[in-house]
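Okay, structure first, notes after.
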Amino acid sequence: MTNKSSLIVASTNKELELLLRSFSYGRFFVLCDSNTWRECFPLIASALSDRPCHIHIIPPGEIYKQTGTLLGILEEFASQGFQKSDLLVNLGGGTVSDIGGLAAALYQRGIPYINLPTTLLAMADAAHGGKTAVDFSGIKNLIGTFWFPQHTIVFPGFLKTLPQRELHAGYVEVLKQALLAGKQAWNKASKLAPEQLIENPEIIYEAARFKLRIVRQDPNDKGLRQVLNLGHTVGHAVEAWSLRHPEGPLLHGEAIALGMLAELRLSVSHAGLDESFAHLATKVFSKFLKPPIPSKADIEDLLQYMRYDKKNRAAAIHFSLLVKPGKALTGVSIGENKLRLALQETLSVIQHQ
Ligand SMILES: NC(=O)c1ccc[n+]([C@@H]2O[C@H](COP(=O)([O-])OP(=O)(O)OC[C@H]3O[C@@H](n4cnc5c(N)ncnc54)[C@H](O)[C@@H]3O)[C@@H](O)[C@H]2O)c1
């Protein structure tokens, strides 16, 4: 399937219901995890009540984003006689859309699906862009492909039941995207608390539209799309490090908040970002830091994780850095000594906050 996905906004339950009723597919196969089944499915149940619908519930969380769960979904497609004229509906966060999208890509060499994201992270980021995957052999997203949803429907009403920790972690990606989108988007998003989003859904829609704009220009992640990795070289290393920490693991967005602090610092030294702006942005991202925070003794571990980062070429560690709000550089190679120093400075600043 090519990158023809559309983003549809549903601001009320009624709009969501009318949208779902307007789809002219045979049957619906709704994939949810046990939490989104309990909290979110009731909000779409009436829209599906008068058409054939099969529901498949998987356990929640990243540890189930694996081949066993994927095979369970494929077996269910087969036993239900699911066909290309039917529609898979992924009702959940990034875990559900990643695994459901991959099942859709594989079954009968590709069937249509839509995403109904229920977390902030998925509304702003994961549900758009056609990257589908499961974790394998202890490595995140090792098995996957690009397979684009027909539509992604963003309905902020799902956020009412999202745990606060998930909401806050998701807001880090919203803020990162606002920084990349430009000064106006950043000014709006940085002044808001995540709890105010339901009354200010435009912030979510703007983040989603921004992601889709980038994806449309670079669907297969060959160049421009890499700007979205701002904060992620250090952030992914922190996320991996936290998996082994007794107080961990951190949620993705929590790790990216620390990654943003380090990479804003690197943006000043290596991309010419204005220092006073970096200071202000650092204050905003600092609000989303959560323990465990690495200490200086962990820096060598973090560097080791970064050496394995997928953006690296020719053994150097590469970054996407911010020049100014709305402008970023990709593929910036930074030597390990400079990186060590930036990490030391970042961790000192956090310690003294
Ligand atoms: N494909 C992409 O481009 C992309 C981008 C970013 C992240 N991801 C992937 O997304 C995954 C993380 O996704 P996530 O942060 O959305 O988390 P998630 O899907 O794991 O959901 C987090 C938790 O919130 C619960 N939940 C979801 N919506 C709820 C709601 N409305 N009310 C109550 N509980 C709810 C879930 O059951 C789960 O327990 C990771 O696997 C990551 O690799 C993919």
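Side chains included, hydrogens not; waters and symmetry mates left out as well; all remaining heavy atoms used. Keep in mind that what you see is a predicted model, and the values were worked out from it rather than measured. Just so you know, residue 1 is the first one in the sequence shown, and it goes up from there. First listed ligand is number 1; within each ligand, the first listed atom is number 1.
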So if I count the atoms of ligand 1 from 1 in the order they appear, which ones are less than 4.0 Å from some heavy atom of Lys131?
1 (N), 3 (O)

Note: ligand 1 atoms sitting under 4.0 Å from heavy atoms of Pro60 are 37 (O), 39 (O)

Can you check whether Asp125 has an N/O within less than 3.5 Å of an N/O in ligand 1?
no

State the atoms of ligand 1, each with its element, that fall below the 4.0 Å cut-off from a heavy-atom position in Gly93.
16 (O), 19 (O)

Do Glu17 and Ser46 touch side chain to side chain, with heavy atoms closer than 4.5 Å?
yes

Taking N or O atoms only and a 3.5 Å limit, does Leu121 qualify as a polar contact for ligand 1?
no

Which residue and atom name correspond to the protein heavy atom nearest atom 30 (C) of ligand 1, and how close is it?
Thr161 OG1, 3.6 Å

Heavy-atom gap Lys211 to ligand 1 smaller than 4.0 Å
yes

Side chains of His54 and Glu76: do they bring a donor and an acceptor to under 3.5 Å?
yes

Identify the closest protein heavy atom to atom 14 (P) of ligand 1: which residue and atom is it, and at what distance?
Gly94 N, 3.5 Å

Can you tell me if Glu173 contacts ligand 1 (heavy atom of the residue under 4.0 Å from the ligand)?
no

With respect to Phe158, determine whether any N or O atom, backbone or side chain, lies less than 3.5 Å from an N or O atom of ligand 1.
yes

In terms of side-chain heavy atoms, does Glu195 have a donor or acceptor partner in Gln164 at a distance below 3.5 Å?
yes

Closest to atom 17 (O) of ligand 1 (heavy atoms only, candidates Val215, Thr95, Asn90) is Thr95

I'd like to know if Leu159 and Leu251 are part of one continuous hydrophobic network [Ile/Leu/Val/Met/Phe/Trp/Tyr, side-chain heavy atoms within less than 4.5 Å].
no

Just so I know, are the side chains of Ile114 and Pro149 near enough to count as touching, which here means a heavy-atom distance under 4.5 Å?
no

Whether Cys40 lies under 4.0 Å from ligand 1, heavy atom:
yes

Considering non-hydrogen atoms of the protein only, which is the closest contact for atom 36 (C) of ligand 1, and what is the distance?
Asp33 OD2, 3.3 Å

Ligand 1-proximal atoms of Leu251, by part, heavy-atom distance under 4.0 Å
neither

Please confirm whether the ring centroid of His151 lies under 6.0 Å from the ring centroid of Phe23.
yes

Quick one: which of Leu120, Leu258, Ile256, Val284 gives a side chain to side chain contact (heavy atoms under 4.5 Å, CB included) with Val172?
Ile256

Short N/O distance, under 3.5 Å, between Glu166 and ligand 1?
no

Which atoms of ligand 1 are found less than 4.0 Å from any heavy atom of Asn35?
36 (C), 37 (O), 39 (O)

Nitrogen or oxygen atoms of Arg225 and ligand 1 under 3.5 Å apart:
no

Is His252 near ligand 1, meaning one of its heavy atoms is under 4.0 Å from it?
no

Less than 4.5 Å apart, side chain to side chain, heavy atoms only: is that true for Leu228 and Asp125?
no

Side chain to side chain contact (heavy atoms under 4.5 Å, CB included), that's the test. Do Phe155 and Ile44 meet it? Break it down for me.
CA-CA 11 Å; Phe155 171 58; Ile44 63 166; over 6 Å; no

Protein heavy-atom partner closest to atom 9 (C) of ligand 1 - residue, atom, separation in Å
Asp98 OD2, 3.4 Å

Quick one: look up the protein heavy atom nearest atom 28 (N) of ligand 1 and list residue, atom name and how far away it is.
Thr118 OG1, 2.8 Å

Any idea which protein heavy atom is nearest atom 41 (O) of ligand 1, and the distance to it?
Glu62 OE1, 2.4 Å

Could you tell me whether a side-chain N or O of Lys183 sits under 3.5 Å from a main-chain N or O of Gly326, the two making a donor and an acceptor?
no

For Lys176, is there an ion pair with Glu173 - N to carboxylate O distance below 4.0 angstrom?
yes

Quick check on the hydrophobic clustering: are Leu192 and Tyr205 connected, directly or via other members, by side-chain heavy-atom contacts under 4.5 Å?
yes

Single-linkage hydrophobic cluster Leu230~Phe277, side-chain heavy atoms < 4.5 angstrom:
yes

Could you tell me whether the side chain of Ile153 reaches within less than 4.5 Å of the side chain of Leu16, counting heavy atoms only?
yes

Nearest to atom 34 (N) of ligand 1, what protein heavy atom do you find, and at what distance?
Pro163 CD, 3.8 Å

Below the 3.5 angstrom mark, is there an N/O of Thr36, backbone or side chain, next to an N/O of ligand 1?
no

Check each heavy atom of Ser97 against ligand 1 and say whether those closer than 4.0 Å belong to the side chain, the backbone, both or neither.
neither

Give yes or no for whether the N/O distance cutoff of 3.5 Å, strictly under, is met between Thr132 and ligand 1.
no

Hydrophobic clustering (ILVMFWY, side-chain heavy atoms < 4.5 Å, transitive) - are Leu121 and Leu197 grouped together?
no

N or O pair under 3.5 Å between Glu39 and ligand 1
no

Considering only heavy atoms from C-beta outward, does the side chain of His270 approach that of Lys338 to under 4.5 Å?
yes

Tell me, do Phe146 and Asp221 make a side-chain contact under 4.5 Å, heavy atoms counted?
yes

Nearest-neighbour protein heavy atom for atom 21 (O) of ligand 1, which is reported as residue plus atom name and distance:
Thr119 CG2, 3.8 Å

At under 4.0 Å between heavy atoms, is it the side chain or the backbone of Lys160 that contacts ligand 1, or both, or neither?
neither

Near Lys140 (heavy-atom distance under 4.0 Å), the atoms of ligand 1 are 40 (C), 41 (O), 42 (C), 43 (O)

Counting only heavy atoms closer than 4.0 Å, does ligand 1 sit against the backbone of Ala126, its side chain, both, or neither?
both

